[in-house]
Protein chains: 2
Amino acid sequence: MFRINKLTDYAVVLLVDMARTQRVRAAHDIAAETGVPVPTVAKVMKALVRGGLVRSTRGASGGYVLARPADRIVMADMIEALEGPIAMTACVDHADDGCEREGFCPMAGHWNRVNHAVRRALVGITLADVAGSCHPPVWANRASQGSGTSTGPRDSGGAVYLASE
Amino acid sequence: MFRINKLTDYAVVLLVDMARTQRVRAAHDIAAETGVPVPTVAKVMKALVRGGLVRSTRGASGGYVLARPADRIVMADMIEALEGPIAMTACVDHADDGCEREGFCPMAGHWNRVNHAVRRALVGITLADVAGSCHPPVWANRASQGSGTSTGPRDSGGAVYLASE
DNA sequence: TAGAAATGGGACTGATTTGGTCCCGATTTG
DNA sequence: CAAATCGGGACCAAATCAGTCCCATTTCTA
């Protein structure tokens with residue numbers, strides 16, 4: 001564990017793509033360019049819109065654009081959009097109203113410390129960082145051939161671009 | 001996601017307990033004191049031994065002890081013992097020999113940056129920190145009531161101390 | 001030496017989560 | 001009005017996780 005979801009992985013890839021071509025593009029277009037299956041792109045985009053990272057336009061000639069400049073979108077945003085708040089244990093999810101075992105839970109307060117440290121790290125890297133330092137989209141052609149579900153051994157269950165298989 | 005496993009959660013609870021009473025204790029003993037089911041304690045302990053955090057003694061009057069002082073066991077150790085290397089995407093697992101897509105992977109290098117930052121945060125908190133700043137084992141009595149030996153109130157969902165769905 | 005008490009290493013199963021696809025209503029363009 | 005597009009779920013298969021159990025091995029003790 002301690003891995004991000006495959007969908008989150010896709011999200012990053014998609015966002016990088018959008019950061020390059022700054023204009024409204026339909027889901028199927030982005031899908032074609034990145035090699036991610038269309039339905040999956042749609043699913044990821046929904047989450048990104050809900051998370052406020054991407055703006056959508058409906059209707060014919062609609063599509064998606066980044067909601068703000070790439071240097072103002074950070075890793076934490078992307079992960080939170082897809083996976084909810086960054087919280088390493090369940091009890092932190094509703095930390096505000098206080099876990100009922102608070103009084104005697106030996107970990108009280110410590111997970112939060114960890115969470116915040118992790119989050120801080122994740123806020124330090126922007127989409128611009130990721131998209132910028134990078135080769136032209138060579139990977140587009142390569143991707144279109146195999147978007148399959150590589151079901152390998154435990155640690156190879158990765159996404160299209162990042163994992164091996 | 002971005003959560004640690006329940007088993008890792010247990011591991012921390014168990015380690016805290018061991019940090020308090022620094023002596024060899026059998027799994028069933030630790031189980032009784034923490035309220036974690038015996039088989040689960042056994043499973044977690046196996047991982048902790050493999051990870052080098054805990055030393056085991058076999059045979060009659062055997063059991064487990066911390067392998068080193070509590071202030072030299074850090075969060076990262078605990079998590080890695082239970083969940084393998086801290087790597088947010090699959091490709092980082094074998095990052096050393098280089099992902100074959102390295103040349104064109106848009107994320108090349110960036111996940112590692114994230115991983116290292118996260119790991120750094122996790123190295124900053126020791127077991128002593130967690131075990132020290134904490135109430136006496138009040139939770140022991142609470143635990144002993146509901147947890148016979150192997151069949152406790154398991155349906156309550158979540159780890160005994162930390163979670164709660 | 002024999003027996004009891006522990007750990008070690010898996011196998012196994014049910015429950016949960018994740019990944020991926022699809023459908024249909026709402027919205028906009030032309 | 002028709003075509004194109006997003007929005008929100010429903011749905012299912014596959015993978016993973018949690019929890020239990022079994023048996024071999026090791027060691028202490030009587």
Side-chain angles (χ1 to χ4, degrees), chain A residues 1-11 24-32 35-51 54-65 82-84 90 147-160 163 165, chain B residues 1-11 14 24-32 35-51 54-65 82-84 90 147-160 162-163 165:
Chain A
M1 243 252 238
F2 224 67
R3 308 239 152 83
I4 60 173
N5 288 342
K6 237 196 230 181
L7 285 191
T8 307
D9 223 350
Y10 285 135
V24 177
R25 273 153 74 230
H28 71 84
D29 185 11
I30 299 175
V36 179
V38 176
T40 301
V41 170
K43 187 172 197 168
V44 170
M45 283 306 181
K46 285 168 196 169
L48 291 176
V49 169
R50 269 196 300 271
V54 158
R55 249 195 4 243
S56 69
T57 323
R58 298 172 76 160
S61 81
Y64 300 96
V65 229
L82 272 289
E83 326 198 359
S147 64
T149 46
S150 64
T151 316
R154 163 185 133 72
D155 23 349
S156 81
V160 174
E165 15 96 45
Chain B
M1 241 249 241
F2 224 66
R3 307 242 151 83
I4 60 173
N5 288 342
K6 233 196 236 183
L7 286 190
T8 307
D9 223 350
Y10 285 135
L14 264 27
V24 177
R25 273 154 72 230
H28 71 84
D29 185 12
I30 300 175
V36 178
V38 176
T40 301
V41 170
K43 187 174 196 168
V44 171
M45 282 305 179
K46 286 167 195 169
L48 292 177
V49 169
R50 268 196 299 273
V54 158
R55 248 192 6 240
S56 68
T57 323
R58 299 173 75 162
S61 81
Y64 300 96
V65 230
L82 272 288
E83 324 198 1
S147 74
T149 42
S150 50
T151 16
R154 182 153 306 85
D155 48 324
S156 58
V160 175
L162 298 173
E165 186 252 357

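Throughout, a chain's letter reflects where its sequence line sits, starting with A, and its residues are numbered from 1.
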A.B. asks: What is the distance, to the nearest angstrom, from the CZ atom on Arg25(A) to the C1' atom on dC6(D)?
C.D. replies: 16 Å
A.B. asks: Grab the N/O contacts between the protein and nucleotides 27-30 of chain C below 3.5 Å, and write none if there aren't any.
C.D. replies:
from    : atom 1 : to       : atom 2 : distance (Å)
dT28(C) : O2     : Ala60(A) : N      : 3.1

A.B. asks: side-chain contact (heavy atoms from CB on, under 4.5 Å), that's the test. Do Ile30(B) and Val36(B) meet it? Break it down for me.
C.D. replies: CA-CA 8 Å; Ile30(B) 300 175; Val36(B) 178; over 6 Å; no
A.B. asks: Could you state the atom-to-atom distance from CD1 of Ile4(A) to P of dG19(C) in whole Å?
C.D. replies: 10 Å
A.B. asks: Which pair of non-hydrogen atoms, one from Val49(B) and one from Ser56(B), has the smallest distance, and what is that distance?
C.D. replies: CG2-CB, 4.0 Å
A.B. asks: Is there a donor-acceptor pair under 3.5 Å between the side chain of Glu83(B) and the backbone N or O of Asn5(B)?
C.D. replies: yes
A.B. asks: Pick base, sugar-phosphate or nothing for Ala42(A), based on heavy-atom distances below 4.0 Å to the nucleic acid.
C.D. replies: nothing
A.B. asks: Between dG20(C) atom P and Met45(A) atom CE, what is the distance in whole Å?
C.D. replies: 16 Å
A.B. asks: What's the spacing between Lys43(B) NZ and Leu82(B) CG if we round to 0.5 Å?
C.D. replies: 10.5 Å
A.B. asks: Taking CG from Leu7(A) and P from dG20(C), how many angstroms apart are they, rounded to a whole number?
C.D. replies: 7 Å
A.B. asks: Measure from the side chain of Pro39(B), starting at C-beta and using heavy atoms only, and say which of dT20(D), dA18(D), dG20(C) lies closest.
C.D. replies: dT20(D)
A.B. asks: What's the NZ-P distance between Lys6(B) and dT16(D), to the nearest Å?
C.D. replies: 19 Å
A.B. asks: Report each atom pair, protein N/O against N/O of nucleotides 10-14 of chain C, whose distance is under 3.5 angstrom.
C.D. replies:
from    : atom 1 : to       : atom 2 : distance (Å)
dG10(C) : O6     : Lys46(B) : NZ     : 3.4

A.B. asks: Looking at dG20(C), I'd like to know if its phosphate oxygens (OP1 or OP2) sit under 4.0 Å from a side-chain N or O belonging to Tyr10(A).
C.D. replies: yes
A.B. asks: Report the distance from atom CG of Asn5(A) to atom C1' of dT16(C), rounded to the nearest whole Å.
C.D. replies: 14 Å
A.B. asks: How many angstroms lie between CG in Leu48(B) and CG in Leu14(B), if you round to the nearest 0.5 Å?
C.D. replies: 7.0 Å
A.B. asks: Side chain of Ala26(B) only, heavy atoms from C-beta on: which candidate in dT7(C), dG20(C), dG7(D) is closest?
C.D. replies: dT7(C)
A.B. asks: Ignoring backbone atoms, test whether Thr40(B) places a side-chain nitrogen or oxygen under 4.0 Å from the OP1 or OP2 oxygen of dA18(D).
C.D. replies: no
A.B. asks: OP1 or OP2 of dT5(D) sitting under 4.0 Å from any side-chain N/O of Ser56(A)?
C.D. replies: no
A.B. asks: Return the minimal non-hydrogen interatomic distance between Pro37(B) and Ala31(B), and the atom names on each side.
C.D. replies: C-CB, 4.4 Å
A.B. asks: Could you tell me which non-hydrogen atom of Val41(B) sits nearest to which non-hydrogen atom of Ala27(B), and how far apart they are?
C.D. replies: CG1-O, 3.8 Å
A.B. asks: What are the two closest heavy atoms between His28(A) and Val38(A), and how far apart are they?
C.D. replies: CA-CG2, 4.3 Å
A.B. asks: Whole angstroms only, please: what is the NE2-P distance between His28(A) and dA3(D)?
C.D. replies: 16 Å
A.B. asks: Under 4.0 Å: is that the gap between some side-chain N or O of Tyr64(B) and OP1 or OP2 of dA6(C)?
C.D. replies: no
